[in-house]
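The model shown is predicted, which means the values in this text are computed figures rather than measured ones. The sequence lines fix the lettering, A, B, ..., with proteins before strands; numbering per chain opens at 1. Keep in mind that the numbers below use all heavy atoms, side chains included, and drop hydrogens, waters and symmetry copies.
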There are 2 protein chains.
Amino acid sequence: MLSTEEILEAMSEQGLRITDQRKTLAKLFGENTGYLSAKDVYKHMERKYSGLSFDTVYRNLRVMEELGVLEQIVFEDGIKFKASCSQDHHHHHMICLQCQKTYPISFCPMNMTDTPDQFRVVKHKFEVFGYCRECEESGAEDKAARGEEAK
Amino acid sequence: MLSTEEILEAMSEQGLRITDQRKTLAKLFGENTGYLSAKDVYKHMERKYSGLSFDTVYRNLRVMEELGVLEQIVFEDGIKFKASCSQDHHHHHMICLQCQKTYPISFCPMNMTDTPDQFRVVKHKFEVFGYCRECEESGAEDKAARGEEAK
DNA sequence: GTTAGTGCAAACGATTTGCACTCTC
DNA sequence: GAGAGTGCAAATCGTTTGCACTAAC
């Protein structure tokens, strides 16, 4: 996964200005392996920036996603972001339903999937959801049970 | 996949009233193997019902989803619905990026996925996207290229 | 006749846009 | 100093809700 520095470097290389807010964003994603919603990010940021507005958060998330330093996936309860995986090789993820952290799976089922000739495959999605050790131990499921994700 | 009659039957059994609109909905989903967005459904329905309102469409889609006759999945460009698969057995889907029709895949990669003990698996998602024969032949990709789904 | 279903308007939440001000480069 | 970045307010989009009316049972 991209580090804080790599994120900032990539942004700077693309001609983006490194503002204080963007440094904080880079740090947030560089140190966090989980998925964060726009609201999560806003809540994290507003502590530091009193007059923070939602649109700036959205703008920066979008810019960073378009630049490729962030990747987003669509959950049942909305779009979430995390730092891009260093794109060494194709892989999939296990995603914790509680903390949203991701763990790589190197196995890719496409190799063994029997795709009929009538269908030209373009892309695929393989995601495993569950609870990671830490969340399991802290009784995470109880808290998650009322969440949307489990539905 | 559930037929028009099975959908209506299930709704009636649950005490829902079978209105004319709901018959049309059941027919739409019973005869259509692809995913439809709320807007798609609205557009289909409004031809027949002049004063149709969006909220009724939403209400019915939600009711039918909660009842289990429809299933929804979240695409990049929003939530879409289709008739539930007769739940014979666990399976996955290939989904055409053009017409949104689905084709079953019986192979399930979970059996062969190496899940570490530290992670308790709850559910998984395996979806293959591409173009089906008919769409391929009608040069579908050109049209789809400007769509969101391909992004 | 009762109660669920419907249309309408209005509310709502998430996201986007236009504009003037501010800061990085 | 120029132009990107920001905050603010307002617009937009998709979806939901409250209410009075209509129709299915």
With sequence neighbours excluded, what pairs up with [X] under the side chain to side chain donor-acceptor pair (under 3.5 Å) test?
X	value
B:Asn32	none
B:Thr56	B:Ser53
A:Tyr49	A:Asp20, A:Thr24

TODO: Would you indicate whether the side-chain heavy atoms of B:Val41 and B:Phe81 approach each other to under 4.5 Å?
DONE: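 B:Phe81 vs B:Val41: side chains apart.
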
For the student: nearest non-hydrogen atoms of [X] and [Y], plus distance:
X	Y	answer
A:Cys108	A:His90	SG-NE2, 3.3 Å
A:Val74	B:Glu76	CG2-CA, 4.0 Å
A:Cys132	A:Cys96	N-SG, 3.5 Å

TODO: Hey, could you give me each pair passing ring-ring contact (aromatic ring centres under 6.0 Å, His included) that has a residue in residues 5-30 of chain A? Not counting sequence neighbours.
DONE: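 The answer is none; no pair qualifies.
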
Open item on the list: Please identify the 5'-most and 3'-most nucleotides of DNA chain D with any atom under 4.0 angstrom from a heavy atom of chain B.
Closed with: D:dG14 to D:dC25

Would you mind writing out the side-chain donor-acceptor pairs for residues 7-18 of chain B within the sub-3.5 Å range, not counting sequence neighbours?
none

Open item on the list: Please determine whether ring-ring contact (aromatic ring centres under 6.0 Å, His included) holds for the pair B:His124 and A:His92, giving the CA-CA distance in whole Å, both sets of side-chain angles, and the decisive distance to 0.1 Å.
Closed with: CA-CA 11 Å; B:His124 63 281; A:His92 295 279; over 10 Å; no

Open item on the list: Short of 4.0 Å, heavy atom to strand atom, which residues of residues 10-25 of chain B count as contacting DNA chain D?
Closed with: B:Arg17, B:Ile18

TODO: Check ring pair (Phe, Tyr, Trp, His ring centres under 6.0 Å) between A:His93 and all other residues, then give those that pass, not counting sequence neighbours.
DONE: A:His91

Task: Hydrophobic cluster partners of B:Phe119 (side-chain heavy atoms under 4.5 Å) - done: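 In the cluster with B:Phe119 are A:Met94, A:Tyr103, A:Ile105, A:Phe107, A:Met110, A:Met112, A:Phe119, A:Val121, A:Phe126, A:Val128, B:Met94, B:Tyr103, B:Ile105, B:Phe107, B:Met110, B:Met112, B:Val121, B:Phe126, B:Val128.
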
Task: Earlier contact from the 5' end, DNA chain D, for A:Val63 and B:Lys39 - done: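 Going by which nucleotide is closer to the 5' end, it is A:Val63.
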
Task: Global bending angle along the helix from C:dG1-D:dC25 to C:dC25-D:dG1, which compares the axes of five pairs at either end, to 10 degrees - done: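 Result, rounded to 10 degrees: 30°.
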
Open item on the list: List the residues meeting salt bridge (charged side-chain N to carboxylate O under 4.0 Å, His left out) with A:Lys27, not counting sequence neighbours, and say none if there are none.
Closed with: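 For A:Lys27, the residues satisfying salt bridge (charged side-chain N to carboxylate O under 4.0 Å, His left out) (neighbours in sequence not counted) are A:Glu31.
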
Task: Rounded interatomic separation in angstrom, taking CG from B:Leu67 and P from C:dG5 - done: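 Rounding to the nearest Å, CG of B:Leu67 and P of C:dG5 are 11 Å apart.
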
TODO: To the nearest Å, give me how far apart CG (A:Leu8) and C1' (C:dT24) are.
DONE: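 Going from CG in A:Leu8 over to C1' in C:dT24 covers 14 Å.
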
Task: Proximity to DNA chain C (any heavy atom under 4.0 Å), residues of residues 49-61 of chain A only - done: A:Asp55, A:Tyr58, A:Arg59

